[in-house]
Amino acid sequence: QAQLVESGGRLVQTGDSLRLSCVRSGGGISGRGMAWFRQAPGQEREFVAAISTSGKDTEIDDSVKGRFTISRDNAKNTLYLQMNNLKPEDSAIYYCASRPGYYGPDEIDYDDWGKGTLVTVSS
């Protein structure tokens with residue numbers, strides 16, 4: 001059974017950079033659309049970024065556009081989220097998700113989720 005496992009979350013300062021990783025163990029990510037979502041305390045989970053199966057196309061939420069970059073390495077079965085110029089409002093649990101083929105902002109379409117990694121940005 002394939003599992004998504006996120007890593008890289010930690011406590012950082014405002015303005016710092018951080019790279020999150022998500023490995024799909026027990027199965028590859030080739031042919032699967034991949035995405036990052038996040039959920040802050042007391043808030044609903046929200047879309048952050050998504051990437052096509054090839055990695056050539058991405059969709060980034062306006063709230064992080066220009067600061068966050070999503071990428072993937074199919075050979076390593078790994079999805080990345082590079083986060084620059086972090087702000088306190090970026091504090092959340094970050095989840096990766098995948099599904100065959102499709103990529104996009106609608107979480108209901110994803111059938112495979114990790115347990116999340118916590119990012120805390122102090123002011």
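In plain terms, the two heavy atoms of Thr58 and Ile51 that are nearest each other are CG2-CG1, 3.8 Å. Here the closest heavy-atom approach between residue Gly28 and residue Asn77 is recorded as CA-OD1, 3.2 Å. A pairwise comparison of heavy atoms in Ala35 and Leu79 identifies O-CD2, 3.8 Å as the closest pair. Taking each heavy atom of Ala40 and Ala92 in turn, the nearest pair found is N-CB, 3.8 Å. The two residues Asp61 and Ser63 make their nearest non-hydrogen contact at OD2-OG, 2.6 Å. Ser52 and Arg72 get closest at one heavy-atom pair: O-NH1, 2.7 Å.
Follow the hydrophobic side-chain contacts under 4.5 Å out from Ile70 and you reach Val119 in the same cluster. Put simply, Leu81 and Ile93 are part of two different groups of oily side chains (I, L, V, M, F, W, Y) that touch within less than 4.5 Å, one to the next. Following chains of ILVMFWY side-chain contacts shorter than 4.5 Å, one can reach Met83 starting from Ile60, so the two form part of one hydrophobic cluster. Cluster annotation: Val12 and Val64 are assigned to the same hydrophobic cluster (Ile/Leu/Val/Met/Phe/Trp/Tyr, side-chain heavy-atom contacts under 4.5 Å, transitive).
Counting heavy atoms from C-beta outward, Leu86 and Leu18 have side chains that approach closer than 4.5 Å. Looking only at side-chain heavy atoms (C-beta outward), Arg38 and Glu46 come within less than 4.5 Å of each other. Put simply, the side chain of Glu59 reaches to within 4.5 Å of the side chain of Pro105, judged on heavy atoms. Put simply, the side chain of Val23 does not reach to within 4.5 Å of the side chain of Leu4, judged on heavy atoms.
Rounding to the nearest 0.5 Å places CD of Glu44 at 8.5 Å from CD of Glu107. To the nearest 0.5 angstrom, Arg24 atom CZ is 9.0 Å from Ile29 atom CD1.
Here Phe37 pairs with Phe47, Tyr110, Trp113 under the ring pair (Phe, Tyr, Trp, His ring centres under 6.0 Å) rule; sequence neighbours left out. In this view, Thr120 and Leu11, Ser91, Leu118 satisfy the side chain to side chain contact (heavy atoms under 4.5 Å, CB included) rule, not counting sequence neighbours.
Side-chain polar atoms of Ser98 and Asp112 form a donor-acceptor pair below 3.5 angstrom.
A donor-acceptor contact shorter than 3.5 Å links the side chain of Arg67 to the backbone of Asn85. A donor-acceptor distance shorter than 3.5 angstrom exists from the side chain of Asn74 to the backbone of Thr53, with no hydrogens or angles considered. Side chain of Thr117 to main chain of Glu6: no donor-acceptor pair is present (N/O by atom type, distance under 3.5 Å, no hydrogens or angles). Using a distance-only test at 3.5 Å, with no hydrogens or angles considered, a donor-acceptor pair links the side chain of Trp36 to the main chain of Tyr80. Using a distance-only test at 3.5 Å, with no hydrogens or angles considered, no donor-acceptor pair links the side chain of Arg32 to the main chain of Tyr103.
Both the sub-6.0 Å distance and the 45° axial angle are satisfied by Arg45 relative to the ring of Tyr95.
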Derivation of the side chain to side chain contact (heavy atoms under 4.5 Å, CB included) call for Gln39 and Tyr94: CA-CA 7 Å; Gln39 186 169 22; Tyr94 283 72; over 6 Å; no
Start with the C-alpha gap between Asn84 and Ser17, add the side-chain angles, then the distance that decides, and say whether side-chain hydrogen bond (donor to acceptor under 3.5 Å, both in side chains) holds. CA-CA 4 Å; Asn84 298 328; Ser17 296; 3.0 Å; yes
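Using a cutoff of 4.0 Å between basic side-chain nitrogens and carboxylate oxygens, Asp16 and Arg10 are not scored as salt-bridged. A salt bridge is absent between Asp90 and Lys87: the closest approach of a Lys/Arg side-chain nitrogen to an acidic carboxylate oxygen does not fall below 4.0 angstrom.
Sorted by first and then second residue, the pairs that involve residues 51-118 and meet disulfide (SG to SG under 2.5 Å), not counting sequence neighbours, are Cys22-Cys96.
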